[in-house]
Peer 1: 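Sending over a structure as structure tokens; questions will come in a sec.
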Amino acid sequence: MNILGIDTSCDDTSAAVVQDGQKVLSMVVTSQDQFHQKYGGVVPEIASRKHLELIIVTIQEALDRAQLTLDDIDGVAVTDRPGLIGSLVVGIAAAKSIAYTRQLPLTAVNHLQGHAYALTFFHELTFPHLALVVSGGHTLTAIIDQDWRMTIIGHTRDDAAGECLDKVSKMLDLGYPGGKIIDQMAKKGNPNAFTFPRPMIKDPSPHFSFSGLKTAVKVFLENNEKNKIEPFPPDVVASVQEAVMDVLVVKTHKTAQDLNLSLITVSGGVAANSRLRELFAHKAAATGFRVLFPPPEFCTDNAAVMGGLGFHQIRNHELAGLELNGKARVSMK
Ligand code: KG4
Ligand code: ZN
């Protein structure tokens, strides 16, 4: 069964064709970074307009790369939540049009579940396991069962980890998307040069918080400017990155321990981070936990995971109709 996956939840326009939930026949991600860069973050209005311009060519490119036409497609899976409403509606309109005109089953995919699904393309997984989904919009841990259902355990009370990195990058005028730039720059810096707070690291709850860290960096930079101190920028970003990744590793590990789950998967844009991968590897070696990541291009937003998860949903008759609409948020309960 070939499923056409579509994701336009934020600022990447993506389409993919996936066979039987497992084999990625094609995956196209048309990045809009160049249009948002000068604003230091995603501008929802621009994202929505660019999705409109890019969606048809992106879908066509996904079909071409798979050497297929719409005649070979057996179902359509589209992200309907969570995301920017103006962005979601573009992918949803395209998916509904294709499903309606071709009389194909349509299914609506949760973007966060999609991130966690990326692991299955690359690893043998056991269920249930704990997924850490960490991106620009979300930071959460969830139990994933064998039907790919997600029970959220911990979530951020304010900013997401990626959002914190993006804002710090903006404060330092390093560019967008900040997480990737900080990852590269931090390699030249000392992660112990400065000690930034690790919010909620000792809190017994499974939740996260990153806005205090962002504020601490802001105050640190203001004080330096006042006192005419110019710290080596790679040292600053390496130290901030260390604080973010330390919290993610310690809290996720504790949650897995509390739930008696021995497999942890890490997905979402921040999962591409090289230091996060190193720290989790150290922790896994010390504790015996199994920690798995997808390759970086499957950490950031992509429609292959929609095509994969969509296959299972369509098989389970979890279908959507033409009334399907985007939802900005999902319940964290
Ligand atoms: O999953 P994603 O593509 O979109 C959302 O669903 O939000 O994640 C984007 C986030 C951004 O905050 C970006 O800065 C971050 O992922 N990111 C990284 C890296 N690559 C992307 N953060 C840390 N290290 C990276 N290498
Ligand atoms: Zn995402």
Side-chain angles (χ1 to χ4, degrees), residues 5-14 16 27 29-33 36-37 40-42 44 47 51 78-84 87-88 91 109-119 131-140 142 150 155-156 159-172 174-187 189 191 210 213-214 237-238 240-249 265-280 293-306 309 326 328-330:
I6 297 174
D7 182 274
T8 59
S9 56
C10 189
D11 63 334
D12 288 317
T13 316
S14 183
M27 175 174 108
V29 182
T30 313
S31 169
Q32 298 184 3
D33 282 354
H36 300 281
Q37 239 144 22
V42 177
H51 282 309
V78 64
T79 304
D80 72 325
R81 67 197 187 282
L84 300 170
S87 291
L88 288 166
V109 180
N110 176 336
H111 181 83
L112 304 171
Q113 254 174 304
H115 272 306
Y117 189 86
L119 275 297
L132 167 66
V133 180
V134 61
S135 68
H138 294 88
T139 300
L140 60 87
M150 186 173 217
H155 59 86
T156 180
D159 293 355
E163 189 180 351
C164 175
L165 295 172
D166 292 340
K167 298 252 168 79
V168 168
S169 174
K170 193 172 177 180
M171 285 179 215
L172 290 164
L174 299 178
Y176 173 83
K180 197 171 179 181
I181 295 165
I182 287 178
D183 190 358
Q184 289 309 316
M185 194 176 202
K187 292 188 197 334
F210 291 100
L213 171 56
K214 184 185 67 186
V237 299
V240 175
Q241 175 179 269
E242 196 71 2
V244 171
M245 304 310 160
D246 198 16
V247 172
L248 292 173
V249 172
T265 67
V266 191
S267 56
V270 180
N273 186 268
S274 55
R275 186 62 181 150
L276 183 66
R277 287 167 181 250
E278 268 172 25
L279 290 175
F280 260 123
F293 288 79
E297 66 274 24
F298 281 83
C299 290
T300 40
D301 288 346
N302 70 85
V305 292
M306 311 310 151
L309 200 50
R329 294 176 187 283
V330 288

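For ligands, and for the atoms within them, numbers begin at 1 and follow the listed sequence.
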Peer 1: Among all protein heavy atoms in this structure, tell me which lies nearest to atom 13 (C) of ligand 1, with the distance rounded to 0.1 Å.
Peer 2: D166 OD1, 3.8 Å
Peer 1: State whether the shortest distance between N or O atoms of G136 and N or O atoms of ligand 1 falls below 3.5 angstrom.
Peer 2: yes
Peer 1: If we set the cut-off at 4.0 Å for heavy atoms, which region of H111 has an atom near ligand 1: side chain, backbone, both, or neither?
Peer 2: side chain
Peer 1: Can a donor-acceptor pair be found between the side chains of N302 and S14 at a distance below 3.5 Å?
Peer 2: no
Peer 1: Return the option from V244, D301, D183 holding the heavy atom at the smallest distance from atom 26 (N) of ligand 1.
Peer 2: D183
Peer 1: Would you name the N/O/S atom of D301 that lies closest to the Zn ion (ligand 2)?
Peer 2: OD1
Peer 1: Under 3.5 Å, is there a donor-acceptor pair linking the side chains of S9 and H111?
Peer 2: yes
Peer 1: For H115, counting its heavy atoms only, list the atoms of ligand 1 lying under 4.0 Å from any of them.
Peer 2: 1 (O), 6 (O)
Peer 1: Only heavy atoms of A272, strictly under 4.0 Å: list the atoms of ligand 1 that pass.
Peer 2: 26 (N)
Peer 1: For ligand 1, is there an N or O atom under 3.5 Å from any N or O atom of G269?
Peer 2: yes
Peer 1: Mind checking whether D12 has an N or O less than 3.5 Å away from an N or O of ligand 1?
Peer 2: no
Peer 1: Nearest N/O/S atom of H115 with respect to the Zn ion (ligand 2), by atom name, please.
Peer 2: NE2
Peer 1: Does any N or O atom in G179 lie less than 3.5 angstrom from one in ligand 1, N or O only?
Peer 2: yes
Peer 1: Considering only heavy atoms of G162, which atoms of ligand 1 have at least one such atom less than 4.0 Å away?
Peer 2: 12 (O)
Peer 1: Would one find an N or O of G137, backbone or side chain, under 3.5 Å from an N or O of ligand 1?
Peer 2: yes
Peer 1: What do we get for T300 next to ligand 1 when only non-hydrogen atoms under 4.0 Å count, side chain, backbone, both or neither?
Peer 2: both
